[in-house]
Amino acid sequence: MYKKIMVPVDLAHFDVIEPSLQVVADQAKHYGAEVCYVAVTATTPGSVAHNPEEYQQKLEAFAQERAKVHGQPVSARVITTPDPIAELDDVLIHVIDEVGADLVIMPTHPPKHLDVIIPAHGGKVATHTKASVFLVRPQQD
């Protein structure tokens with residue numbers, strides 16, 4: 001059913017994305033789908049890398065490590081923008097078509113009252129793309 005799964009990742013917040021990575025591995029194995037890991041970063045130095053090229057190298061290494069878990073082909077794509085926080089949703093929506101993803105798996109937070117004012121990224125992505133979107137909430141203790 002799915003041929004290419006896109007996974008937005010933030011290497012600075014591995015603890016947030018980790019629960020969704022198991023879902024990605026399971027779905028990639030089940031469908032025999034390629035997994036495209038996508039990161040959106042600034043053009044300036046950050047906590048993960050000094051520049052976008054270094055971030056790309058780290059994301060590619062991350063993707064190769066994840067390929068050992070699910071055994072499917074992987075690709076890695078870093079998108080640079082001057083303001084990743086403000087532009088994240090629009091960039092993700094654009095790159096879904098660009099990479100040819102038919103499924104997006106991304107982490108999300110539990111619902112909050114603030115979502116009425118500032119909706120979650122996954123909700124906007126799901127309403128602005130033809131791809132299926134699977135939101136993974138953190139596990140409850």
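For reference, positions follow the sequence shown, starting with 1.
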> Quick check: does any side chain N or O of Arg77 sit under 3.5 Å from a backbone N or O of Cys36, one acting as donor and the other as acceptor?
Replying inline: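 A pair under 3.5 Å: no.
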> Just by distance, do the side chain of Lys4 and the backbone of Ala33 share a donor-acceptor pair under 3.5 Å?
Replying inline: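 Checked: no pair found.
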>> Are there over 12 heavy-atom neighbours, none belonging to Lys29, within less than 6.0 Å of that residue's NZ?
In response: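 Yes, NZ of Lys29 has more than 12 neighbouring heavy atoms, counting only those of other groups under 6.0 Å.
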Separation between [atom1] of [X] and [atom2] of [Y], rounded to the nearest 0.5 Å:
X	Y	atom1	atom2	result
Met106	Ile17	CE	CD1	11.5 Å
Thr41	Ile79	OG1	CD1	11.0 Å
Lys58	Glu54	NZ	CD	4.5 Å
His94	Glu98	NE2	CD	4.0 Å
Asn51	Thr80	CG	OG1	10.5 Å
Ser132	Ile5	OG	CD1	10.5 Å

> With Tyr55, which residues qualify under ring pair (Phe, Tyr, Trp, His ring centres under 6.0 Å), at least two apart?
Replying inline: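 Tyr55: no ring pair (Phe, Tyr, Trp, His ring centres under 6.0 Å) contacts found.
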> Can you name the residues that form a ring pair (Phe, Tyr, Trp, His ring centres under 6.0 Å) with Tyr2, not counting sequence neighbours?
Replying inline: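 Partners of Tyr2 by the ring pair (Phe, Tyr, Trp, His ring centres under 6.0 Å) criterion, ordered by chain and then number, come out as Tyr31.
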Taking all non-hydrogen atoms of both residues into account, name the closest pair between [X] and [Y] and its distance.
X	Y	result
Val91	Val40	CG1-CG2, 3.7 Å
Val125	Ile93	CA-CG1, 4.0 Å
Leu103	Ala131	N-CB, 4.3 Å
Pro19	Val16	CD-O, 3.5 Å
Ala76	Gln56	O-NE2, 3.0 Å
Ile105	Val136	CG2-CG2, 4.0 Å

> Can you list the steps and then say if Ile85 with Asp83 is a side-chain contact (heavy atoms from CB on, under 4.5 Å)?
Replying inline: CA-CA 6 Å; Ile85 294 171; Asp83 191 350; 4.0 Å; yes
>> Can you tell me how the ring of Phe62 sits relative to the ring of Phe14, calling it parallel under 30°, perpendicular over 60° and tilted otherwise?
In response: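 Phe62 and Phe14: perpendicular rings.
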> Which residues pass the salt bridge (Lys or Arg N to Asp or Glu O under 4.0 Å) test with Glu87, sequence neighbours left out?
Replying inline: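 None.
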> Of the options Leu92, Ile96, Val104, which is the one that meets Val133 in a side-chain contact (heavy atoms from CB on, under 4.5 Å)?
Replying inline: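 Of Leu92, Ile96, Val104, side-chain contact (heavy atoms from CB on, under 4.5 Å) with Val133 is met by Val104 alone.
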>> Using the rule given for side-chain contact (heavy atoms from CB on, under 4.5 Å), can you reason through Tyr37 versus Leu21, listing the C-alpha separation, both sets of side-chain angles and the distance that settles it, and then say yes or no?
In response: CA-CA 10 Å; Tyr37 296 94; Leu21 294 177; 4.2 Å; yes
> Between Arg66 and Val35, is a side-chain contact (heavy atoms from CB on, under 4.5 Å) present by the stated rule, with each step listed?
Replying inline: CA-CA 9 Å; Arg66 294 305 304 167; Val35 180; over 6 Å; no
